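Working notes, beginning with the structure itself.
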Amino acid sequence: QVQLVESGGGLVQAGGSLRLSCAASGRAFSSAAMGWFRQAPGKERDVVAAISRLGMRTYYADSVKGRFTISRNNAKNTVYLQMNSLKPEDTAVYYCAAGRFGMTNDEYDYWGQGTQVTVSS
């Protein structure tokens, strides 16, 4: 069992930066791939970035490549999403998830409650 709690969301102007954190409890964190997903109003929840158990592999959605960076610290049971050059279209609720390394919702078994990111123009 893994419990996930996101933090770091908020309101930022376009071009600004935010760093999301996801703290995990439970012994399974270091054995799980981690992903960040987002869901905008009226849209499906889609993957933003994913990182393998030891951080050797990462994946980014095309829309965030070069702007977002996913990382993890297994000693601290935490995964991060550094978001730079934010755009209004990045506005969404951001979720972290634990499971198998992949790009779909079905590959993740545990989910946080989400944190709101709002980017003003």
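These numbers were taken from a predicted model, which means no experiment stands behind them.
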Within 45° of the six-membered ring axis of Tyr80 and under 6.0 Å from that ring's centre, is NZ or CZ of Arg19 located there?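 Geometry flag: set, cation within 6.0 Å and 45°.
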Atom pair [atom1] ([X]) and [atom2] ([Y]), whose distance is rounded to the nearest 0.5 Å:
| X | Y | atom1 | atom2 | answer |
| --- | --- | --- | --- | --- |
| Lys65 | Thr58 | NZ | OG1 | 9.5 Å |
| Thr78 | Leu20 | OG1 | CG | 12.5 Å |
| Ser31 | Leu54 | OG | CG | 10.0 Å |
| Tyr95 | Arg45 | OH | CZ | 6.0 Å |
| Gln3 | Ser25 | CD | OG | 3.5 Å |
| Arg67 | Leu86 | CZ | CG | 6.5 Å |

For [X] and [Y], work out which heavy atoms get closest and say how close.
| X | Y | answer |
| --- | --- | --- |
| Ser17 | Gln82 | CB-NE2, 4.0 Å |
| Leu4 | Ala24 | CD2-CB, 3.6 Å |
| Val48 | Phe37 | CG2-C, 3.9 Å |
| Phe101 | Tyr59 | CZ-CB, 4.0 Å |
| Arg100 | Asp106 | NH2-O, 3.7 Å |
| Ala40 | Ala92 | N-CB, 3.8 Å |

For a quick check under 3.5 Å, do Ser120 and Gln13 share a side-chain donor-acceptor pair by atom type?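 No - no donor-acceptor pair under 3.5 Å links their side chains.
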Any side-chain donor near an acceptor of the partner, Asn105 and Glu107, under 3.5 Å: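 The answer is no; no qualifying pair exists.
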So do the side chains of [X] and [Y] get within less than 4.5 Å of each other, counting heavy atoms only?
| X | Y | answer |
| --- | --- | --- |
| Arg38 | Val93 | no |
| Asn77 | Arg72 | no |
| Val117 | Leu18 | yes |

According to the disulfide (SG to SG under 2.5 Å) rule, which pairs have a member within residues 66-121, sequence neighbours left out?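 Listed once each, the pairs are Cys22-Cys96.
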With the 4.5 Å side-chain cut-off for hydrophobic clustering, are [X] and [Y] part of the same group?
| X | Y | answer |
| --- | --- | --- |
| Trp111 | Val2 | no |
| Met103 | Val79 | no |
| Val47 | Ile51 | no |

Could you check whether any side-chain N or O of [X] sits under 3.5 Å from a backbone N or O of [Y], counting only pairs where one atom can act as donor and the other as acceptor?
| X | Y | result |
| --- | --- | --- |
| Glu6 | Gln113 | yes |
| Ser52 | Arg57 | yes |
| Tyr108 | Gly102 | yes |

Checking side-chain contact (heavy atoms from CB on, under 4.5 Å) for the pair Tyr94/Gln39: CA distance, chi angles, key distance, verdict? CA-CA 7 Å; Tyr94 284 69; Gln39 187 170 24; over 6 Å; no
Between Asp90 and Lys87, is a salt bridge (Lys or Arg N to Asp or Glu O under 4.0 Å) present by the stated rule, with each step listed? CA-CA 5 Å; Asp90 295 317; Lys87 304 175 181 180; over 6 Å; no
Stepwise side-chain contact (heavy atoms from CB on, under 4.5 Å) check, Phe68 with Asn84: CA-CA 6 Å; Phe68 291 12; Asn84 299 328; over 6 Å; no
